[in-house]
Amino acid sequence: MIVWLNGTHGAGKTTTSALVQQLIPDARVFDAEKVGETLMDITPELPGAGRENFQHWPPWRPLVVETARRVLDYAGGALVVPMTVLVEQYWREISAGLARHSIEVRHFVLHADQDTLRARIEGEHVVPSPFRLAHLAPYAEAARTWLHAAAEVVDTTHLTPAEAALRIAESVGTRP
């Protein structure tokens with residue numbers, strides 16, 4: 001099984017994923033961003049707009065699927081994947097690829113209202129991340145048009161990461 005934690009940058013995916021991993025027996029965290037970083041390390045760089053967002057490179061999506069499949073085949077258990085995917089077509093490619101390998105995917109969106117997200121991002125560093133701030137509007141659009149309908153939404157506006165992790169673990173049938 002894959003427990004995919006989606007949501008905009010700054011929503012708490014990385015923190016929550018580590019806590020979810022502790023609550024699900026035989027679970028591991030798979031950071032699909034590392035697949036993108038590998039593609040970014042290729043020289044000369046790949047064509048297209050991947051430097052701006054590696055998800056736009058067509059190899060990223062099937063490589064995420066194949067990596068997840070191989071890890072599950074090798075180690076079993078579950079993978080917790082903290083990864084923002086805001087382009088519906090990209091999510092369809094990933095979820096269809098995993099389905100072709102009969103891998104169950106539980107897709108969650110860690111959601112918070114825009115004011116809360118902005119405050120979290122601005123409170124992270126002395127200089128807030130322009131990258132994270134720039135993704136607030138695309139997240140809101142994806143949430144409105146497809147993302148919330150394609151996932152189980154966990155509103156983290158008033159939850160700690162531990163509370164969100166517990167809700168997710170309980171939803172997938174794991175109780176500590």
Side-chain angles (χ1 to χ4, degrees), residues 2-21 29-37 39-40 48-65 68 79-99 104-172:
I2 289 180
V3 177
W4 195 289
L5 302 185
N6 206 338
T8 194
H9 306 277
K13 296 178 306 298
T14 301
T15 302
T16 303
S17 68
L19 297 167
V20 169
Q21 180 268 325
V29 174
F30 166 44
D31 186 350
E33 188 168 324
K34 300 297 183 191
V35 174
E37 290 173 6
L39 293 174
M40 290 175 73
R51 277 274 180 234
E52 181 180 301
N53 181 347
F54 56 74
Q55 291 184 15
H56 296 321
W57 279 324
W60 180 77
R61 286 137 3 234
L63 283 171
V64 167
V65 169
L79 290 180
V80 180
V81 183
M83 187 73 223
T84 299
V85 178
L86 300 180
V87 177
E88 183 177 11
Q89 180 57 38
Y90 297 173
W91 176 250
R92 285 185 184 171
E93 289 176 39
I94 292 166
S95 58
L98 294 167
E104 178 186 2
V105 177
R106 295 293 302 273
H107 183 201
F108 294 89
V109 171
L110 300 184
H111 174 79
D113 62 65
Q114 291 285 304
D115 290 339
T116 299
L117 288 168
R118 184 172 299 283
R120 287 177 184 170
I121 293 167
E122 290 174 351
E124 284 179 329
H125 305 289
V126 175
V127 177
S129 167
F131 178 84
R132 289 180 177 213
L133 290 170
H135 282 82
L136 290 177
Y139 167 73
E141 180 64 13
R144 185 184 64 75
T145 58
W146 73 274
L147 184 57
H148 283 195
E152 297 175 58
V153 178
V154 178
D155 189 335
T156 66
T157 302
H158 302 291
L159 295 179
T160 67
E163 291 167 331
L166 185 58
R167 285 192 186 181
I168 292 163
E170 288 175 343
S171 181
V172 300

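Start at 1 with the first residue, then count along the sequence. If you're wondering where the values come from, they're calculated on a predicted model, not measured in any experiment.
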Any idea which heavy atoms bring [X] and [Y] closest together, and the distance?
| X | Y | value |
| --- | --- | --- |
| Leu110 | Ala11 | O-CB, 3.6 Å |
| Thr84 | Thr8 | OG1-C, 3.8 Å |
| Ser17 | Val29 | O-CG2, 3.7 Å |
| Pro58 | Pro62 | O-CD, 3.0 Å |
| Trp4 | Met83 | NE1-O, 2.9 Å |
| Trp60 | Gln55 | CZ3-CG, 3.5 Å |

Gap separating the [atom1] atom of [X] from the [atom2] atom of [Y], nearest 0.5 angstrom:
| X | Y | atom1 | atom2 | answer |
| --- | --- | --- | --- | --- |
| Lys13 | Asp31 | NZ | CG | 10.0 Å |
| Leu39 | Phe54 | CG | CZ | 8.5 Å |
| Met40 | Glu33 | CE | CD | 9.0 Å |
| Glu122 | Leu133 | CD | CG | 6.0 Å |

Measuring only between side-chain heavy atoms, which start at C-beta, is [X] closer than 4.5 Å to [Y]?
| X | Y | result |
| --- | --- | --- |
| Val105 | Ile94 | no |
| Leu147 | His107 | yes |
| Val65 | Arg61 | no |
| Phe108 | Val172 | yes |
| Val64 | Phe30 | yes |

One thing to verify: whether Glu163 and Arg167 come together as a salt bridge, which I'm taking to mean a side-chain N less than 4.0 angstrom from a carboxylate O.
no
The residue among Thr156, Leu19, Val20 that forms side-chain contact (heavy atoms from CB on, under 4.5 Å) with Pro161 is Leu19
For residues 108-119, the salt bridge (charged side-chain N to carboxylate O under 4.0 Å, His left out) pairs (sequence neighbours left out) are none
Taking only residues two or more places apart in sequence, or in another chain, which ones meet Gln114 in a side chain to side chain contact (heavy atoms under 4.5 Å, CB included)?
Leu117, Leu136, Tyr139, Ala140
Should Thr16 and Val154 be marked as a side-chain contact (heavy atoms from CB on, under 4.5 Å) after you check the CA-CA gap, both sets of side-chain angles, and the distance that decides it?
CA-CA 11 Å; Thr16 303; Val154 178; over 6 Å; no
Quick check: does any side chain N or O of His135 sit under 3.5 Å from a backbone N or O of Phe131, one acting as donor and the other as acceptor?
yes
